[in-house]
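Read the numbers this way: they start at 1 and go in the same order the structure lists the ligands and their atoms. These values consider heavy atoms only, across backbone and side chains, with no hydrogens, waters or symmetry-generated copies. Numbers here are sequence positions counted from 1.
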Amino acid sequence: MSPRLRHLTTLENLPRETIERLLDRANRCATPAPTAPAQADVLAGRTVLNLFFEPSTRTRTSFELAARRLGADVVNFDIGLSSTSKGEELFDTLHTLEAMHLDAIIVRHKQSGTPDELVRHAMSGVSVINAGDGNHAHPTQGLLDALTIRQHRPDFENLTVVICGDISHSRVARSDINAFTALGMKEIRLCAPPELMPGTNEVPQGRRFDDFDAAIEGADAVLMLRLQKERMASIELPDEAAYFARYGLDRRRLALAAKGCLVMHPGPINRGIEIASDVADGAQSRILEQVGNGVFVRMAVLNEVLAR
Ligand code: ASP
């Protein structure tokens, strides 16, 4: 059996067995067996801190609900980035909070690598969970995306997925690619404008496309990404109408995918920029299922790192 995780900062190099264990546990949270023991006190007496240096609605709420459903106490700590721009200040914050006897820190930070830095500096006994760092990783999103696909199509070895949009700045894309690769996905296609496609030195996996019509042909799932302007330095983007015409998901394009293709998006959605409203709200959309699965995946992760 793969060892139990103490921290979760990335899905990169996690064994398939560990990912499957987390997904199985998340599924059990989603559909508890009538005879299963109550979950409500699994983390009783544990304290979880949401330490968010970047705004978040879905992820923070979802971690909070997950922790509470398992009986943990939750403290929310939102900090403006400016007050912790220097490394020392970040670690001062960390040690101050640790002195209050925390069991887990859930961190979101604009700078890639911050959760791993916290792991290196954290006192023993404190678990660190990454809730998104720069364009590096968003491991619970990768897990919830894999869970959502698996609930509809467990046969990953037969599946082709397309990830389309601003892949360069997307931590979601990176964690999705890690999860899908570990689970043996048949084909991962990446579709982005050339200036928003990471080099193969950065993201070695995936078959690259510039033409979305070609990329989506026959796909079993399509994952759309937001233009993450806040992470861009000074990239010239086409205007939004031109972007939608080339890289947006509308009904005509979705018809090129395999029948029943799953439509996914990590949110927040920009309707009419990367996805048409009728597709986002349409019968093939799994976007709200993703949100629901986020709570179950986060329960599974908290259970993994914190349960006694
Ligand atoms: N919510 C996701 C993230 O934090 C995706 C996005 O912001 O576009 O990376």
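For ligand 1, the polar-atom distance check finds no N/O of E230 at less than 3.5 Å from any of the ligand's N/O atoms. Below 3.5 Å of separation, one finds an N or O of R171 facing an N or O of ligand 1.
No more than 12 heavy-atom neighbours from other residues, nucleotides or ligands sit within 6.0 angstrom of CD on E217.
When each of R226, K229, R271 is tested with E240 by the rule salt bridge (Lys or Arg N to Asp or Glu O under 4.0 Å), just one qualifies, namely K229.
The residue H265 has no part lying near ligand 1, judged by heavy-atom distances below 4.0 Å. Only the side chain of R108 comes within 4.0 Å of ligand 1, judged by heavy-atom distances.
R150 and D24 are joined by a salt bridge, as a carboxylate oxygen and a charged side-chain nitrogen come within less than 4.0 angstrom of each other. Under the 4.0 Å criterion applied to side-chain N and carboxylate O atoms, R253 and E274 are not assigned as salt-bridge partners.
Look at M224 and you'll find every heavy atom at least 4.0 Å from all atoms of ligand 1.
Nearest-residue assignment for atom 8 (O) of ligand 1 (options Q228, R226, H138; heavy-atom criterion): R226. Considering A137, P268, G267 only, the shortest heavy-atom separation from atom 5 (C) of ligand 1 involves G267.
Near V172, meaning under 4.0 Å from any of its heavy atoms, are these atoms of ligand 1: 2 (C), 5 (C), 9 (O).
There is no side-chain donor-acceptor pair under 3.5 Å between D166 and Y243.
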Please assess K110 against D133 for the test salt bridge (charged side-chain N to carboxylate O under 4.0 Å, His left out), listing each intermediate value before the final yes or no. CA-CA 6 Å; K110 120 178 204 192; D133 61 329; over 6 Å; no

